[in-house]
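Atoms considered below: every heavy atom in the structure, side chains included; atoms not considered: hydrogens, waters and symmetry mates.
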Amino acid sequence: MEGTVSVADSQQRGVSECLPSAYPTSAVMSSHSPPASKGNDSKRFKRDGRSTEGSSRVIHIYRLPSGVTEREVLSLALPFGKVSNLLFLKEKNQAFMEMNTEEAANTMVSYYTCVTPELHGQPVHIQLSCYKELKAGDVGSAAAAAAVDTGRVVARRTPVLRILVENCFCLVTLEVLHRLFSRFGTVLKIITYIKNNRFQVLLQYADPLSAQRAKLFLDGQNIYDACCTLRITFSGFTNLTVKYNNDKSRDYTRPDLPSGNSQALLAQNRATALGAPVAISASSCASTGLPHSFAVPQAAAAAAAGAESQVITSGSPALANAVLLVANLNPEKVTPQSLFILFGAYGNVQRVKILYKKKENALVQMANGSQAELALRHLNGHKLHGKSLCIVLSKHQSVKLPREGKEDQDLTKDYVNSPLHRFRKPGSKNFQNIFPPTATLHLSNLPTSVLEEDLKKLFSSGGGSVKAFKFFPKDRKMALIRMGSVEEAIQALVELHGYALGQSNHLRVSFSRITI
């Protein structure tokens, strides 16, 4: 068929390996460009090495080391977005990966153009493919199982995972579970319980695709070194009901839930599940070092952080580090101040450093690992100055200030004593109003004399469009304003948080969970 390359044809040319049978059993790669010549395999794949016109959602990954797994190949894309399909050509040491958007594919290729990824200690080559998409088809051959259509698999799944923790010799808290599974999507609810003397978890994501990705990467992995093995299956539930927020269950969409009468999770993990009264803390397990399988494989983490060579080696939860590496920035527009304001919506930013030789990358140091987790989870993938942010953990434990006279001095800023910190007071209500970026912004600290038209004009001055506005009925010092898109709202927050509306009124802007 003109314009397509079938997987069955690949088998005839010697590509016989395939992925697990649970995946769709046929695939066709389609292209808007002319079909490859009918020469040998090497000639056919050389075609993909040529520069492509326009953009594509399909990425060509080649020179894969022998023994590399499907999970490791997929992990290369983890920081950049969702993978729709995968064609894994094991004998050829190549793979074709389709991202869910062209933007995600372009971001991934751009990043790895600057930073060479590695798997099994060997460099891997990545480029945009000349093929426009990977299509599921009916080739009618067993070899066609070489394609993974995660979209079709997930369509029949649930967002709820059932997790059995085996060899539970260390404390597994809600915080540990939340940090670990948040690497693959937004976690909405977690319930822990004991059944048949075994520690088990029900965890609900915002969407089934996140659950599929978490199961793919984490099933069979250890939380701590040589213990706490995860056995993950899809639950029969499609929605969980959480009555209490405590150390055994939590609904992250309902911070107002009561705590109820809870027993210590430590006792639940140890005394009930193992029948032993002696408690072993997570730090005891940490002394042996966190395994490579926590959150993402070690090689995948190194690839994701690129020049940062990020490998998680401490025994604390994966996001204990407070320093984030932010990639794919717009080097013409980004400033330390804009990153300080944006990341400051999720914690107190201590320092920001834009890398001098790679100004599309920056380091952002938060006050602690929990705040870094919030920022990574909520901001990764969102657009700033027209570019989708790619956020991963940095290998650095802190951001150092440059020496005086250094040429990169203006690219590194210290914000420890900034008056714009949102979370300076312990127990502040601001901690209860942390939400992912939305098109609707919450405005506060408004002077009572300010007019609706003045605020609309201010928020549209940067090029965005105001779609709706509403003062709070009982308090005109607060208001909601809806921008034309989430990207416009992010831009408005960056530009206008702290804006002086009067001598004593500095505008406070945050993302709202309420829309108008």
Side-chain angles (χ1 to χ4, degrees), residues 20 22 69-72 74-75 78 157-185 187 189-205 210-237 240 242 246-250 262-301 312-320:
T69 66
E70 166 204 342
R71 176 180 294 171
E72 290 170 319
L74 287 171
S75 67
L78 183 62
R157 299 297 188 185
T158 167
V160 180
L161 296 175
R162 177 182 173 272
I163 305 157
L164 174 65
V165 183
E166 295 182 341
N167 302 318
C168 193
F169 299 115
C170 298
L171 176 64
V172 180
T173 65
L174 286 179
E175 182 184 21
V176 168
L177 292 168
H178 187 264
R179 289 183 178 183
L180 174 57
F181 282 85
S182 289
R183 295 298 298 272
F184 305 93
V187 176
K189 305 170 186 177
I190 302 178
I191 299 174
T192 63
Y193 61 99
I194 299 297
K195 185 176 181 180
N196 298 328
N197 290 329
R198 306 171 87 180
F199 181 60
Q200 304 189 37
V201 182
L202 288 173
L203 184 144
Q204 180 178 340
Y205 277 104
S210 297
Q212 171 74 11
R213 296 170 73 208
K215 182 180 184 300
L216 175 66
F217 282 92
L218 295 179
D219 187 26
Q221 305 298 313
N222 293 331
I223 297 179
Y224 298 107
D225 203 7
C227 74
C228 300
T229 305
L230 299 172
R231 303 297 180 191
I232 304 175
T233 59
F234 290 103
S235 169
F237 296 106
L240 299 178
V242 177
N246 51 41
D247 53 10
K248 293 194 293 184
S249 63
R250 186 165 297 274
S262 66
Q263 297 177 353
L265 187 60
L266 174 61
Q268 182 188 44
N269 279 10
R270 293 291 302 157
T272 309
L274 302 176
V278 180
I280 300 178
S281 67
S283 59
S284 300
C285 297
S287 61
T288 60
L290 194 63
H292 71 278
S293 52
F294 193 104
V296 288
Q298 193 174 43
I312 301 170
T313 55
S314 70
S316 54
L319 288 174

Peer 1: With rounding to the nearest 0.5 Å, note down the distance linking CZ in Arg250 to CG in Leu177.
Peer 2: 12.0 Å
Peer 1: Looking at Gly185 and Ser210, what are the two nearest heavy atoms and their distance?
Peer 2: CA-OG, 3.5 Å
Peer 1: Holding to side chain to side chain donor-acceptor pair (under 3.5 Å), I want the full list of residues that pass it with Lys189, two or more places apart in sequence or in another chain.
Peer 2: Asn239
Peer 1: Once you round to the nearest 0.5 Å, how far does CG of Leu171 lie from CZ of Phe199?
Peer 2: 8.5 Å
Peer 1: Answer whether the closest heavy-atom distance between the side chains of Arg231 and Arg198 falls below 4.5 Å.
Peer 2: no
Peer 1: Excluding sequence neighbours, so at least two apart, what forms side chain to side chain contact (heavy atoms under 4.5 Å, CB included) with Thr233?
Peer 2: Arg162
Peer 1: Listed by chain and number, what are the side chain to side chain contact (heavy atoms under 4.5 Å, CB included) partners of Ala214, not counting sequence neighbours?
Peer 2: Leu161, Phe181, Phe184, Tyr205
Peer 1: What heavy-atom pair brings Tyr193 and Leu202 nearest, and what distance separates the two atoms?
Peer 2: CE2-CG, 3.9 Å
Peer 1: What's the spacing between Thr173 OG1 and Asp247 CG if we round to 0.5 Å?
Peer 2: 9.5 Å
Peer 1: Compare every heavy atom of Tyr224 with every heavy atom of Cys228, then report the nearest pair and how far apart it is.
Peer 2: SG-CD1, 4.0 Å
Peer 1: How close do Val242 and Ser249 get, heavy atom to heavy atom, and via which atoms?
Peer 2: CG1-OG, 3.9 Å
Peer 1: What pairs with Thr229 under side chain to side chain donor-acceptor pair (under 3.5 Å), at least two apart in sequence or on another chain?
Peer 2: Asn222
Peer 1: Got a second to check how far Ile163's CD1 is from Ile232's CD1, nearest 0.5 Å?
Peer 2: 5.5 Å
Peer 1: Could you grab the distance from atom CG of Asn196 to atom CG of Leu164, nearest 0.5 Å is fine?
Peer 2: 10.0 Å
Peer 1: Side chain of Thr192, backbone of Lys248: donor and acceptor closer than 3.5 Å?
Peer 2: yes
Peer 1: If I take atom NZ from residue Lys195 and atom CG from residue Asn197, how far apart are they, to the nearest 0.5 angstrom?
Peer 2: 12.5 Å
Peer 1: Would you check if Leu230 and Asp219 make a side-chain contact, meaning some heavy-atom pair closer than 4.5 Å?
Peer 2: no
